[in-house]
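We count residues from 1, following the sequence as given.
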Amino acid sequence: MNFSLFRIKVLKSTQRDLFLIEIDPPKLLEEAIRERPTDSAHRKGQWHIGNIETIDNSGIYFAIGRTIKSTMPVLDEDTGNFIEEEFDNAPYTHVFVDLPKEVLAIAYKSSLASTVDVIARKIEGLLAKSEVAKLNQVLFQVSPIPQPDIFIRQLAEAFAIKSFTVHFTRPNPIDVEEDFLGPMERLTQKTGGSSGSTTLKGDALEADPLIQLTRSAAATGDDASATIQSTPNARLVKKFLHGQTATLTNDRIETAQEKQSFMRFLRAAYINIRGEQRNAS
């Protein structure tokens with residue numbers, strides 16, 4: 001079973017009532033999920049969140065699925081004729097959530113959606129329909145977490161980095177790149193913006209701080225790019241962080257112990273993307 005990693009941000013609406021009581025984003029996220037929101041029925045089926053389980057004090061599991069009208073050929077014993085009988089089919093898939101880090105691991109299922117990104121968009125839309133989101137005037141933004149290893153290797157091995165662009169959105173409390181991304185994220189929020197970017201240019205930019213910015217951008221579901229020269233005589237080439245979403249593989253998540261084990265696996269993978277060296281438990 002293949003899981004793709006996504007960052008889910010809880011963002012205050014720009015039109016938010018100033019007198020609303022402040023609630024921690026992880027708490028809002030958990031409450032929205034536990035409402036088991038459902039969208040209105042339409043031609044392509046009704047999407048729903050259910051099967052919610054508490055894994056530990058900061059992680060939960062849920063299933064997302066949809067009802068689909070299907071038909072099956074059956075024999076009508078009264079008439080002796082073959083007929084098409086309609087029934088409800090309800091494919092679903094698995095989602096793990098680390099609430100403090102606001103990270104999702106979504107298992108792809110072809111019978112549910114054409115891509116895992118479609119499932120992520122449906123989660124975003126369902127949470128937006130929750131009463132928690134409406135009462136607290138917040139938005140949920142789900143973004144794929146890119147696998148940064150290839151892009152980081154390109155930065156580290158380049159003869160010269162001529163330019164580097166990092167993208168950012170509004171801040172989350174756990175985002176720790178305080179030297180650069182933190183102030184820019186807070187500026188985006190204070191100005192009422194939703195996203196921004198900054199470009200650095202030079203004859204040969206230092207790779208190490210750019211690698212840390214890359215890890216921060218990846219961990220927040222944002223993007224980065226760089227124009228590099230691989231050898232002294234090579235032409236300039238632009239490389240991008242985005243393209244391959246970080247994934248995990250795990251085939252056994254039936255028991256409580258297996259779910260707890262996968263949650264530890266998820267946390268360790270996320271810490272590795274951030275480049276942090278600390279206990280993932």
Side-chain angles (χ1 to χ4, degrees), residues 1-11 13 23-56 58-72 84-145 221 245 247-248 250-256 258-260 262-263 266:
M1 194 181 307
N2 292 322
F3 288 83
S4 297
L5 301 189
F6 289 81
R7 183 69 186 274
I8 179 166
K9 291 186 177 183
V10 185
L11 305 175
S13 169
I23 301 177
D24 287 340
K27 184 64 175 176
L28 291 172
L29 174 58
E30 181 178 10
E31 290 182 1
I33 292 170
R34 291 192 182 278
E35 280 189 32
R36 293 176 170 84
T38 299
D39 70 358
S40 57
H42 50 77
R43 182 175 59 86
K44 293 186 177 181
Q46 184 181 62
W47 286 80
H48 176 73
I49 286 176
N51 300 58
I52 300 168
E53 299 178 27
T54 299
I55 297 177
D56 53 32
S58 60
I60 61 175
Y61 160 90
F62 69 87
I64 180 173
R66 61 173 175 146
T67 57
I68 304 171
K69 293 294 184 181
S70 302
T71 60
M72 176 184 293
E84 296 288 330
E85 187 172 278
E86 188 176 80
F87 66 97
D88 282 333
N89 187 21
Y92 69 92
T93 195
H94 311 279
V95 183
F96 287 80
V97 189
D98 184 295
L99 292 165
K101 293 180 175 63
E102 300 177 2
V103 175
L104 305 180
I106 306 173
Y108 172 62
K109 179 171 283 188
S110 59
S111 61
L112 184 60
S114 58
T115 67
V116 70
D117 294 293
V118 172
I119 301 172
R121 296 283 81 76
K122 292 299 181 181
I123 293 173
E124 187 179 78
L126 284 170
L127 296 179
K129 292 179 179 294
S130 68
E131 288 302 312
V132 167
K134 295 173 184 177
L135 290 174
N136 291 277
Q137 299 174 16
V138 296
L139 307 172
F140 295 93
Q141 182 185 77
V142 180
S143 305
I145 295 176
T245 302
T247 59
L248 301 174
N250 193 296
D251 291 329
R252 299 194 60 84
I253 55 167
E254 298 302 320
T255 68
E258 289 168 351
K259 288 184 171 71
Q260 290 168 3
F262 181 78
M263 182 61 76
L266 165 60

Report the distance from atom [atom1] of [X] to atom [atom2] of [Y], rounding to the nearest 0.5 Å.
X: I123; Y: I106; atom1: CD1; atom2: CD1; answer: 3.5 Å
X: L104; Y: E102; atom1: CG; atom2: CD; answer: 9.5 Å
X: L99; Y: I60; atom1: CG; atom2: CD1; answer: 5.0 Å
X: N2; Y: T247; atom1: CG; atom2: OG1; answer: 6.5 Å

With sequence neighbours left out, what residues match [X] under side chain to side chain contact (heavy atoms under 4.5 Å, CB included)?
X: A133; result: S130, V138, F140
X: T245; result: S4, P144
X: A63; result: N51, Y61, Y92
X: E84; result: T71, P73

Self-check item: Pairs touching residues 25-34 that satisfy side-chain hydrogen bond (donor to acceptor under 3.5 Å, both in side chains), sequence neighbours left out
Solution: E30-R34, R34-T54

Which atom pair, heavy atoms only, marks the closest approach of [X] to [Y]?
X: G221; Y: R7; value: N-CB, 4.2 Å
X: V142; Y: A120; value: CG1-CB, 3.8 Å
X: L112; Y: I64; value: CD2-O, 3.6 Å
X: Q141; Y: E124; value: CA-OE2, 3.2 Å
X: P37; Y: L126; value: CB-O, 3.3 Å
X: M263; Y: I55; value: CE-CD1, 3.7 Å

Exercise. Please check if the side chain of Q46 supplies one atom and the backbone of D39 the other of a donor-acceptor pair under 3.5 Å.
Key: yes

Exercise. Output yes when a side-chain donor or acceptor of Y108 lies under 3.5 Å from a complementary backbone atom of S114, and no otherwise.
Key: yes

Self-check item: Residues in ring-ring contact (aromatic ring centres under 6.0 Å, His included) contact with F3, at least two apart in sequence or another chain
Solution: F96, F262

Self-check item: Set of ring-ring contact (aromatic ring centres under 6.0 Å, His included) partners for H48, sequence neighbours left out
Solution: none

Would you please name every residue forming a salt bridge (charged side-chain N to carboxylate O under 4.0 Å, His left out) with [X], sequence neighbours left out?
X: R36; answer: none
X: D98; answer: R267
X: K129; answer: none
X: K259; answer: E53

Quiz item: Within a radius of less than 6.0 Å around CZ of R252, do more than 12 heavy atoms belonging to other residues, nucleotides or ligands occur?
Solution: no

Exercise. Show the numbers, then the answer: is there a side-chain contact (heavy atoms from CB on, under 4.5 Å) between V95 and V97?
Key: CA-CA 7 Å; V95 183; V97 189; 4.2 Å; yes

Exercise. Dump the intermediate steps for side-chain contact (heavy atoms from CB on, under 4.5 Å) on V116 and T93, then the final yes or no.
Key: CA-CA 10 Å; V116 70; T93 195; over 6 Å; no

Self-check item: D117 and F6: CA distance, side-chain angles, deciding distance, side-chain contact (heavy atoms from CB on, under 4.5 Å) verdict
Solution: CA-CA 9 Å; D117 294 293; F6 289 81; 3.7 Å; yes

Quiz item: Where do L29 and L127 land on the side-chain contact (heavy atoms from CB on, under 4.5 Å) test, with the steps shown first?
Solution: CA-CA 8 Å; L29 174 58; L127 296 179; 3.9 Å; yes

